[in-house]
Amino acid sequence: MKIVYKDGTVADCPEQEELEVIRHTAAHIMAQAVKRIYPHADFGYGPATERGFHYDIDLGDTKLSDEDLPAIEAEMKKIIKENLPIRPSILPRAEAIALMEERGEKYKVEHIDDLPEDAEISFFTQGEYVDMCTGPHLRYTKALKAFKLMSISGAYWKNNAENKMLTRINGIAFRTQAELDDYLKLLEEAEKRDHRRIGKEMDLFMLRDEAPGFPFFLPKGMEVYNSLLEFWHEIHREAGYVEIKTPQIMTRALWETSGHWDHYKDNMYSTTIDEDPFCIKPMNCPGGVMVYASKPHSYRELPIRAGELGLVHRHEMRGALHGLFRVRAFTQDDAHIFMRPDQIADEIRGVVNLIDKVYTKFGFDYFIELSTRPEDSMGSDEDWEMATNGLIDALKSMNLDYILNEGDGAFYGPKIDFHLRDCLGRTWQCGTIQLDFQMPINFDLGYIDADGERKRPVMIHRVCFGSIERFIGILTEHFAGKYPTWLAPVQVKVLPVSEKSNEYATSVYQKLFAAGVRVELDERNEKIGYKIREARQVDRVPYMVILGEKEVEDGSISVRDRATDKTTNMSYDEFEAMLLKEISDRA
């Protein structure tokens, strides 16, 4: 695939950059189509993204909806058919501003003003359309083979809520039509698995306008929630963790000392108590530090692994909220490990093994990303180098491959992120390990070493699930609501065929309930086929116990397995033993 760079150079496109170039070109073709249909359109940014492309556009009083997308797509196809050459040019700053002003592109003029004085300002032209851009691009419009416009949304200019809301047109583009078709099939499957729809069908949770971004968990959702927490408690106890709980609201001075106020205040909720400023915690770490600092420590006590299932609050833009995936209040399965410098490698290995145990339990594979020092970091070069090398050494000692993500660490230290893949191939960043030399300094933490001297501990921040709420959303879509039996909100439904078997069904229900099984009895006067379909398709119950006159007569039960859709006749004792083992093993 040939592409053209801003200096006019034509070359073969590196394979790893092909999609980005295709999508960037698609954004320009879309903008040209919009300009033809709506001549008053004024364009902001139009980048390629990991999932496609978009363009933010000021259309004045014109309001677009998804119903307008086919007309824009049709105009794009005309532009592609015209096979317009895409030609680059570079202009001096004054000429660039004059060109954009002449074309009525006030957002581009503002963008030029934001660039350094010596910045090279390049443009790409296709037919009558000119766009300020660094490229590269396809050489001709006809080279765009497969695209689709997906939706209309809103976006603030420069992502600043104080600026005007622009219209964002979102699209996707691929190398071939076959790739596009595969992607659309994937989206269709993802839509079927949407955790918001499944959560409503299964009565797991609800979202209300009275509490935007603050989910309500319903009784069945709490069964899933609590089952996850039971698993969390079990594996952390085995790994030598203790558990703590820290306050929801703490003085703002604490967050200033930790560094969160300077780096995160726009996302924090604040209040005043007794005329003093306080904050609702967006993170658990300062509370964990307070617990450590509450008494002296000896080197013999370290490492201290303190876990906390802490509810945190973070202010997210309302337009960014999305089911359980992006909320304003969530529970982090946090832990903070306080250790000696010589314990760093062993502790990181321990956390990696713990996170691996969690993801393996759910059938996820994952890849690891190492994020290094960001621009707004705190601390010395020496501490950052030591922390980063500590993470690298630990990964190398475990023969683990990782992707380097420059500049994306936490403000207090580098981090290892775990990106899991679900059954649709989508990736989710959940687990993280952050090595922190700064917070122990900020809070003057210490321990008495073997030589009697006071030394500074090193701190690890880590999560496995990340957010319990978000992880439940991921699991819901991964399993399409068909949770493993140990996690399912209802593990067994007892279904009497008719009133004649109600008494026997009640006795079976009572036995299962007494055994600790999450069981429901459906005695409604409905046909058995209807009750089975509802249990399988809506409630997604792992096992249905179907009881008719035959089962009453011989004291047996007929069990339909969701996984195989086969019905097997067996004794009650046989089923209970099998079921309890499956739940106990978290199979």
Side-chain angles (χ1 to χ4, degrees), residues 156 159-161 195-196 199 204-218 221-222 224-226 228-229 232 243-291 306-336 376 410-412 415 417 428-432 434 436 439 442-443 461-474:
Y156 291 110
N159 200 30
N160 185 337
H195 73 284
R196 295 168 297 181
L204 302 179
F205 63 90
M206 68 179 187
L207 301 164
R208 300 279 300 188
D209 289 340
E210 292 85 349
F214 301 94
F216 294 74
F217 273 83
L218 305 176
M222 285 305 299
V224 180
Y225 198 102
N226 288 331
L228 275 179
L229 296 196
W232 187 92
E243 188 174 356
I244 63 173
K245 183 175 178 59
T246 63
Q248 287 288 294
I249 302 176
M250 293 178 276
T251 177
R252 193 175 87 185
L254 176 73
W255 304 99
E256 291 171 344
T257 301
S258 70
H260 287 94
W261 182 255
D262 287 340
H263 293 84
Y264 211 73
K265 59 179 176 288
D266 292 340
N267 293 91
M268 296 172 67
Y269 294 109
S270 301
T271 188
T272 300
I273 302 175
D274 297 332
E275 301 182 358
D276 292 322
F278 281 73
C279 298
I280 301 174
K281 66 178 179 180
M283 282 91 170
N284 297 304
C285 37
V289 168
M290 291 292 95
V291 173
E308 178 175 14
L309 292 161
L311 179 63
V312 299
H313 290 74
R314 300 179 185 178
H315 180 65
E316 300 282 358
M317 300 297 294
R318 185 157 188 168
L321 301 176
H322 181 76
L324 298 180
F325 290 159
R326 183 66 69 90
V327 292
R328 288 171 171 163
F330 56 92
T331 300
Q332 278 190 314
D333 65 316
D334 239 327
H336 299 99
D376 64 342
F411 68 86
Y412 47 75
K415 62 178 181 172
D417 287 329
W428 308 89
Q429 193 275 306
C430 293
T432 187
Q434 301 169 358
D436 183 3
M439 209 164 290
N442 294 354
F443 287 96
H461 310 245
R462 48 109 293 194
V463 295
C464 296
F465 298 135
S467 152
I468 303 296
E469 289 77 2
R470 182 168 175 266
F471 199 73
I472 288 174
I474 293 169

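Ring planes of H461 and H336: perpendicular class, angle over 60° (limits at 30 and 60°). Between Y225 and F217, the ring-plane angle classifies as perpendicular under the 30° and 60° cut-offs. Taking the six-membered ring where the residue is Trp, H322 and H195 present perpendicular rings, their angle passing 60° and hence far from 30°.
We find the CG-CZ distance between D436 and R462 to be 15.0 Å, quoted to the nearest 0.5 Å. The OG1 atom of T251 sits 9.0 Å away from the CD1 atom of I273 when rounded to the nearest 0.5 Å. Taken to the nearest 0.5 Å, the CD1 atom of I468 stands 6.0 Å off from the CG atom of L228. The structure places CZ of F214 at 15.5 Å from CZ of R208, a figure rounded to the nearest 0.5 Å. Taken from CE in M222 to CD1 in I472, the straight-line distance is 8.0 Å, to the nearest 0.5 Å. L311 contributes atom CG, which lies 4.5 Å from atom CD of Q248 (distance to the nearest 0.5 angstrom).
The closest donor-acceptor contact from the side chain of Q332 to the backbone of V463 lies at 3.5 Å or more, if one exists at all. Side-chain atoms of D333 come within 3.5 Å of backbone atoms of G466 as a donor-acceptor pair (strictly under, hydrogens ignored). Between the side chain of E469 and the backbone N or O of T331 there is at least one donor-acceptor pair closer than 3.5 Å. One N or O on the side chain of R328 and one on the backbone of E316 form a donor-acceptor pair closer than 3.5 Å. Q429 places no side-chain N or O within 3.5 Å of a backbone atom of D417 that could act as its donor or acceptor partner. Looking at N267, its side chain does come within 3.5 Å of a backbone N or O of H315 through a donor-acceptor pair. Looking only at distances, no side-chain donor or acceptor of N284 sits under 3.5 Å from a matching main-chain atom of D334.
Here the shortest heavy-atom pairing between M317 and A161 reads CE-CB, 3.7 Å. The two residues L321 and P212 make their nearest non-hydrogen contact at CD1-C, 3.8 Å. Summarising the geometry of A410 relative to K415, their closest heavy-atom pair is N-CD, 4.3 Å, with the distance given to 0.1 Å. Residues P215 and G213 approach most closely at CD-O, 3.5 Å, considering heavy atoms. Across C430 and F465, no two heavy atoms sit closer than the pair CB-O, 3.6 Å. Between G473 and F325, the shortest heavy-atom distance links the atoms C-CE2, 3.4 Å.
You'll find the side chain of W255 reaches within 4.5 Å of the side chain of M268, heavy atoms only. Looking only at side-chain heavy atoms (C-beta outward), F330 and V312 come within less than 4.5 Å of each other. S258 has its side chain out of reach of Y264: every pair of non-hydrogen atoms, C-beta onward, lies at least 4.5 Å apart. The shortest side-chain heavy-atom distance between L254 and M290 falls under the 4.5 Å cut-off. Between K265 and R252, every side-chain heavy-atom pair lies at or beyond the 4.5 Å cut-off. The shortest side-chain heavy-atom distance between M439 and H260 falls under the 4.5 Å cut-off. Looking only at side-chain heavy atoms (C-beta outward), W232 and E243 come within less than 4.5 Å of each other.
The number of heavy atoms from other shown groups lying within 6.0 Å of CG (D276) is above 12.
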